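A quick write-up on the structure given underneath.
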2 protein chains.
Amino acid sequence: MQRQLSTHLYRHLQREFGLSGSDYEILVNLSEAPTGRMRAFELGEATDWEKSRMSHHLTRMAQRGLVRREPCAEDTRYADIVLTDEGRAAIAEAAPYHAANVRAWFIDAVGKERLEVLEDASEAVLVALAEHDARAEHG
Amino acid sequence: MQRQLSTHLYRHLQREFGLSGSDYEILVNLSEAPTGRMRAFELGEATDWEKSRMSHHLTRMAQRGLVRREPCAEDTRYADIVLTDEGRAAIAEAAPYHAANVRAWFIDAVGKERLEVLEDASEAVLVALAEHDARAEHG
DNA sequence: ACGCGCAGGTTGACGCATCATCCAGATTTG
DNA sequence: CAAATCTGGATGATGCGTCAACCTGCGCGT
């Protein structure tokens, strides 16, 4: 089910707006940032991606003109990521439709009560994984 | 959560047994087939993959010696996919550990009651997607 | 003051997934 | 019977994600 849902969601984004799910995630985070600029590792925390994935993806998005790397004052060696006008336009156009799809296909289909159960279940799985990691580290 | 769980599951398979999640899925299906041989499109139905993904993946698995394409009696133009000894050994070794991980990290963590709710929810999402597809086709 | 570790980030190689396109043989249709 | 169509499948190009290796300054210990 998860696969089918993601496939539908991302296919829609791709066909209607030329954005991948990953593009969308980055653009949303950037557009929600008050200053409109973030460091790569902040995006990493927000999206929970590996740093190398982030770097590769930002490179590709920069080539398509959605995003720009801009030298960051105060921290010589690193760069800020900033939305281009094009990037801002893309997310503004896509977001309402994507949100509507998520609501129709997932949130409404699942319903409020089951959604709460699902949140608890997710939490429980994450706890189980964290416990396993903890054991692996010092075991 | 779904991403974290899959990552853990597949990382374990990869590191301990050198198998990807996709490899595993194919091997399980083949090893469960009474005759030990299946046509590619049967595997496609069982896994719900696109045909081109199947073809590419079988090519890679064949190169690694897990699987073999064997001309199929009765149906000249197509080929059966058969497990090699190596493939059978790989799945026999990996399956118990993988199943244990799925149980510990997912099934037990979620618990029986929540699991049932989750099944209903999945079903509801699939219905919503199917309805959308139906509308799109003749609309 | 200097060396060294480390956090943030980049790069290259590789495997994987999708799309579009093509192919052969079988089946329908005119 | 011939032409269009359908089915099962292969292939090439391209984008994505991971791993391993590497680079670069900052900060810490001595």
Side-chain angles (χ1 to χ4, degrees), chain A residues 2-4 6-27 37-81, chain B residues 2-4 6-27 37-81:
Chain A
Q2 206 279 334
R3 190 176 64 227
Q4 296 241 29
S6 314
T7 301
H8 270 78
L9 246 19
Y10 295 155
R11 193 125 61 190
H12 180 262
L13 268 180
Q14 185 74 42
R15 286 204 307 218
E16 306 296 316
F17 309 105
L19 296 176
S20 71
S22 308
D23 296 337
Y24 186 86
E25 221 170 324
I26 297 296
L27 292 178
R37 53 172 55 223
M38 292 173 80
R39 293 271 305 281
F41 89 100
E42 296 180 279
L43 281 168
E45 284 174 5
T47 55
D48 193 33
W49 290 3
E50 301 201 348
K51 60 185 183 168
S52 97
R53 174 181 178 184
M54 185 58 70
S55 181
H56 281 302
H57 204 84
L58 289 176
T59 302
R60 288 188 295 256
M61 289 180 73
Q63 268 161 11
R64 289 189 290 146
L66 295 171
V67 125
R68 208 172 27 200
R69 284 187 227 253
E70 224 170 64
C72 156
E74 309 296 326
D75 247 315
T76 332
R77 52 192 162 156
Y78 304 132
D80 279 345
I81 313 300
Chain B
Q2 206 279 337
R3 192 177 60 227
Q4 296 240 31
S6 313
T7 301
H8 270 77
L9 246 20
Y10 295 155
R11 192 125 63 191
H12 180 262
L13 267 180
Q14 186 74 43
R15 286 205 307 219
E16 305 296 317
F17 309 105
L19 296 176
S20 71
S22 307
D23 296 337
Y24 186 87
E25 221 170 324
I26 296 296
L27 292 177
R37 54 174 52 222
M38 292 174 79
R39 293 271 305 281
F41 91 101
E42 295 180 278
L43 281 167
E45 282 174 7
T47 56
D48 193 33
W49 290 3
E50 300 201 348
K51 59 184 184 168
S52 98
R53 173 181 179 185
M54 185 60 68
S55 180
H56 281 302
H57 203 84
L58 289 177
T59 302
R60 288 188 295 258
M61 288 181 73
Q63 266 160 13
R64 290 190 290 144
L66 295 171
V67 124
R68 210 174 27 210
R69 286 188 225 252
E70 223 170 64
C72 157
E74 308 297 325
D75 247 314
T76 333
R77 52 192 163 155
Y78 303 131
D80 279 345
I81 313 299

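The figures that follow rest on heavy atoms only: side chains count, while hydrogens, waters and symmetry mates do not. Proteins come first, then strands; the chains are lettered A, B, ... in the order of their sequence lines, and each starts at number 1. Note that the structure is a prediction, hence the values are computed from the model and not measured.
Here C:dG15 presents its C1' atom at 14 Å from CG of B:L19, a figure rounded to the nearest Å. In this structure, the CZ atom of A:R3 is 14 Å from the C1' atom of C:dT18, given to the nearest Å. Rounded to whole Å, atom C1' of D:dC19 lies 19 Å from atom OH of B:Y10. For the pair B:Q14 CD and D:dG17 P, the computed distance is 17 Å after rounding to whole Å. Summarising the geometry, the separation between CZ on A:R11 and P on C:dA17 is reported as 14 Å, rounded to the nearest angstrom. Put simply, CH2 on B:W49 is 14 Å from P on D:dG9, counting in whole angstrom units. D:dC16 atom C1' lies 14 Å from atom CE of A:M54, rounded to whole Å. Between B:R53 atom CZ and D:dT14 atom C1' there is a gap of 17 Å when expressed in whole angstrom units.
With contacts defined as side-chain heavy-atom distances shorter than 4.5 Å, the pair A:D80/A:M38 does not qualify.
Candidate nucleotides C:dC16, C:dT18, C:dT11 were compared by shortest atom distance to the side chain of B:E50, and C:dT18 ranks first. You'll find that the side chain of A:H57 is closest to D:dC16, out of D:dC16, C:dC19, D:dG9. When each of C:dT10, D:dG9, C:dG8 is scored by its nearest atom to the side-chain atoms of B:K51, the top-ranked nucleotide is D:dG9. Here D:dG25 is the nucleotide among C:dG25, D:dG25, D:dG17 with the atom lying nearest to any side-chain atom of A:R77. Side-chain proximity of A:R60 to the nucleotides C:dG8, C:dC16, D:dG15 is greatest for D:dG15. Among the nucleotides D:dT11, C:dA17, D:dG8, the one closest to any side-chain atom of B:Y78 is D:dG8.
Residue B:T59 is classed as having no contact, given no heavy-atom separation below 4.0 Å to the nucleic acid.
In this structure, A:M54 CE and A:T59 OG1 are separated by 11.5 Å, a value rounded to the nearest 0.5 Å. Taken to the nearest 0.5 Å, the CD1 atom of A:I26 stands 8.5 Å off from the CD1 atom of A:I81.
In this structure, A:E50 pairs ionically with B:R11, as a charged nitrogen and a carboxylate oxygen lie closer than 4.0 Å.
Considering only side-chain N and O atoms, B:R15 lies nowhere under 4.0 angstrom from the phosphate OP1 or OP2 of D:dC19. An OP1 or OP2 oxygen of D:dC16 is reached within less than 4.0 angstrom by a side-chain nitrogen or oxygen of A:S20. The shortest distance between the side-chain N/O atoms of B:R39 and the OP1/OP2 oxygens of D:dG9 is below 4.0 Å. When the side-chain nitrogen and oxygen atoms of A:S52 are compared with OP1 and OP2 of D:dA20, none of them lie within a distance under 4.0 Å.
For A:H56 against D:dG15, a side-chain-to-base donor-acceptor contact under 3.5 Å is absent.
Side-chain atoms of A:R60 and A:H57 include a donor-acceptor pair closer than 3.5 Å.
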